[in-house]
Student: 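Sharing a structure below in structure tokens format, with a few things to ask.
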Amino acid sequence: MKTFGERRSIRKYQSRPVSGKLIEDIAAEASRAATMGNMQLYSLVITSDPEVKARLAEAHHHQPMVVEAPAVLTFCADFNRFCKWCIFRDAVPGYGNFVSFFNAATDAMLFAQAFCTLAEEKGLGTCVIGTTVDNPQMIIDILGLPRLVFPVLTVTLGYPDECPEQTDRLPVQGIVHHDRYADYPKDAIDRIYAAKEALPESRYFVSLNGTDNLAQVFTRFRFTEKDNLSMSEKMITALKKQGFI
Ligand SMILES: Cc1cc2nc3c(=O)[nH]c(=O)nc-3n(C[C@H](O)[C@H](O)[C@H](O)COP(=O)(O)O)c2cc1C
């Protein structure tokens with residue numbers, strides 16, 4: 001990838017390993033990302049052991065790249081390290097609460113995006129895997145994450161063995177607002193989503209799922225309320241167990 005405008009997710013990787021030193025070098029550079037109060041409220045767990053990857057794959061619904069990628073990266077919101085520092089310095093931490101989770105999750109995601117951008121600039125391929133929020137407790141158990149550490153994002157990493165077409169994006173006028181939020185009347189929605197709805201793959205998914213339109217593919221099959229409610233419950237339970245709520 002020469003410029004960010006050329007990026008795409010990579011899901012197939014060469015068997016060539018990615019050295020731990022290279023990952024640490026990229027992590028060091030990515031840690032220049034903005035971070036709340038310069039506290040660096042995140043940790044990165046690098047998994048390359050095939051046995052651990054296989055266990056992680058279960059948590060990620062057996063998505064093949066979790067076992068196939070040379071490295072699986074779990075970006076965690078982490079208040080554990082900072083709290084330990086406070087406790088060992090006779091300072092009383094007050095970070096077992098939801099806002100602290102949100103701040104640490106923001107830190108972790110900024111760090112993760114910086115990491116991915118830098119890795120892609122160096123010729124590596126990445127794919128963000130959102131199933132981390134589906135089975136957080138499994139990931140917490142597999143990786144041995146202590147209290148006040150929570151997995152927020154997983155990224156598979158390796159040298160690309162594919163160069164897929166770039167996916168579409170909404171026109172920038174559809175996502176940017178000037179001065180105040182301009183809500184979307186139906187004709188604006190029609191305009192903003194027209195190109196996406198007209199794509200051959202969109203039409204294919206509509207006909208495959210027997211729906212009237214693409215939005216129904218999302219609401220009825222891809223991201224359903226039932227699944228979201230079940231994931232929300234699992235996430236809230238895990239957040240309580242990790243001491244964030
Ligand atoms: C929060 C999040 C969760 C994602 N989860 C998955 C996933 O579970 N499996 C997968 O193959 N891709 C996943 N992706 C990658 C998206 O599918 C991909 O970014 C999107 O389709 C746009 O394609 P592009 O990255 O190639 O531009 C995820 C991306 C994000 C940001």
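For ligands, and for the atoms within them, numbers begin at 1 and follow the listed sequence. All of these numbers come straight from a predicted model, not from anything done at the bench. Because only heavy atoms are used, hydrogens play no part in the values below, and waters and symmetry mates are left out as well, while side chains stay in.
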Student: About how many Å separate CG of L143 and CE of M138, when rounded to the nearest 0.5 Å?
Tutor: 11.0 Å

Student: Could you work out, with ring-ring contact (aromatic ring centres under 6.0 Å, His included) as the rule, every residue matching Y95, not counting sequence neighbours?
Tutor: F79, F82

Student: Only counting residues at least two apart or in another chain, list the ones meeting ring-ring contact (aromatic ring centres under 6.0 Å, His included) with F111.
Tutor: Y42, F75

Student: What I'd like to find out is whether the side chain of L145 reaches to under 4.5 Å of the side chain of P151, using heavy atoms alone.
Tutor: yes

Student: Could you list who else is in Y193's hydrophobic cluster, with ILVMFWY side chains joined at under 4.5 Å, directly or through other members?
Tutor: L170, V172, I175, V176, Y181, Y184, I189, I192

Student: Are F101 and F150, when compared by the centres of their aromatic rings, separated by less than 6.0 Å?
Tutor: yes

Student: Strictly under 4.0 angstrom, heavy-atom based: which residues surround ligand 1?
Tutor: R7, R8, S9, R11, Q63, M65, C127, V128, I129, G130, T167, R169

